[in-house]
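First the proteins, then the strands, lettered A, B, ... as listed; each starts at 1. Predicted, not measured: the structure shown is a model, and the values here were computed from it.
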2 protein chains.
Amino acid sequence: MKKSIDKSLEIKKVKPTAMRQLVLDILSKQDHAIGLPELEMQFAQADRTTLYRTLKTFVDKKVIHSIDDGTGTIKYAVCTDTCHCNPSELHVHFYCIKCGKTTCLTDIPIPDIQLPENYFAENINMVVKGLCDRCNRG
Amino acid sequence: MKKSIDKSLEIKKVKPTAMRQLVLDILSKQDHAIGLPELEMQFAQADRTTLYRTLKTFVDKKVIHSIDDGTGTIKYAVCTDTCHCNPSELHVHFYCIKCGKTTCLTDIPIPDIQLPENYFAENINMVVKGLCDRCNRG
DNA sequence: AATAAGTTTGCAACCCAGTTGCACAAATTA
DNA sequence: TAATTTGTGCAACTGGGTTGCAAACTTATT
Ligand SMILES: [Mn+2]
Ligand SMILES: [Mn+2]
Ligand SMILES: [Zn+2]
Ligand SMILES: [Zn+2]
């Protein structure tokens, strides 16, 4: 298996089981964020529960981050090795209503907002819905 | 009281049936955004489908707006009479992980972000997750 | 008024992503 | 080795959302 996969798991302190290596490898190859059902389909035969728990472990250990794009299916994408998923590190996500793909706009940090007095932000989910560059011509 | 309900429906061009008046009245009285299941519970006996379709009509006609707060249950809150739900009119929402309430931060507009070339934004969902002022002391 | 057409409502059945319980397998520790 | 912890697989369940269809109601036409 890939060196970088094991390295990532090691950095985030996740035991590199065969299943986890496989899942992270698949997630790393995606050009867009995918959900549990889509992940399931990339296996000839795989158990939903195991994949589900693998994703959960990954999110807990910040190997990947989850994106609620409003479609009813939570999407996932890999984090950088240095990511701690703090509000200040988060980026904007984009959901294209034509091709249905959810993508990380890694270059666009979520703007800092001034919450009302005494509010505490632990996490922020910002999803822009519209047309991606591929779908927005013709 | 009932006057303003009918007025709102009229402005948004929704026929004021008994059901719709009732639902909008309930929604107007909330101090936080509520979902279909919670709405259903506010009736002694009510049909989920009718409430579901009422909410859908309201969203379509921009009487209310929907909020995906990441809990798996879409929440709804009334729009202002002048709201057209354009990206520039949208505000930030807050989900409190302690009291579980989702609220409109109507005073905090969603910051304008610079999308990559050729991207088109139709809608934006921005939800801050954390502790609300009530829950963030003690 | 009577009829026809369109709209709204109610019931039942369904979909599907997510989740839990439990038993078995594999890895780790004593 | 034996005991303990951790990971995996199967099945069954949950719950919010959604659809199909028929009855009730409203509006338009004759
Ligand atoms: Mn991302
Ligand atoms: Mn709102
Ligand atoms: Zn697209
Ligand atoms: Zn709270």
Atom-pair distance (CZ on B:F43; C1' on C:dT9), nearest Å: 13 Å
Backbone N/O of A:T73 and side chain of A:K75: donor-acceptor pair under 3.5 Å: yes
Residue pairs, two or more places apart or on separate chains, that pass ring pair (Phe, Tyr, Trp, His ring centres under 6.0 Å) and touch residues 111-134 of chain B: A:F94-B:Y119
A:E89 side chain vs A:N86 backbone, donor-acceptor pair below 3.5 Å: yes
Under 4.0 angstrom between B:T50 side-chain N/O and C:dG10 OP1 or OP2: yes
Minimum heavy-atom distance B:H84-B:T82, with the two atoms named: ND1-O, 2.9 Å
Nearest-Å distance for atom pair CE/P, residues B:M41 and D:dG15: 12 Å
Distance, nearest 0.5 Å, that separates OG1 of B:T49 from NZ of B:K56: 12.0 Å
Value in whole Å for how far the P atom of C:dA17 lies from CG of A:D68: 14 Å
Helix axis bend for the helix from C:dA1-D:dT30 to C:dA30-D:dT1 - C1'-based end axes, five pairs, 10° rounding: 20°
Side-chain (A:H93) to main-chain (A:V128) donor-acceptor, under 3.5 angstrom: no
Between D:dG7 (P) and A:F58 (CZ): distance, integer Å: 11 Å
Between D:dT8 (P) and A:Q21 (CD): distance, integer Å: 10 Å
Value in whole Å for how far the C1' atom of C:dT19 lies from CG of A:L51: 14 Å
A:K129 side-chain N/O to B:N125 backbone N/O, donor-acceptor pair under 3.5 Å: no
Sugar-phosphate or base contact per nucleotide [nucleotides 16-29 of chain D; S, B, -; heavy atom under 4.0 Å]: SBBBBB--------
Length of the line joining A:M19:CE and D:dT6:C1', which is rounded to integer Å: 16 Å
Single-linkage hydrophobic cluster, 4.5 Å side-chain cutoff, A:F58 and A:L39 together: yes
Test item: B:K12 side-chain N/O and B:E10 main-chain N/O as donor-acceptor pair under 3.5 Å: no
Distance in angstrom units between A:E38 CD and C:dA17 P, rounded: 11 Å
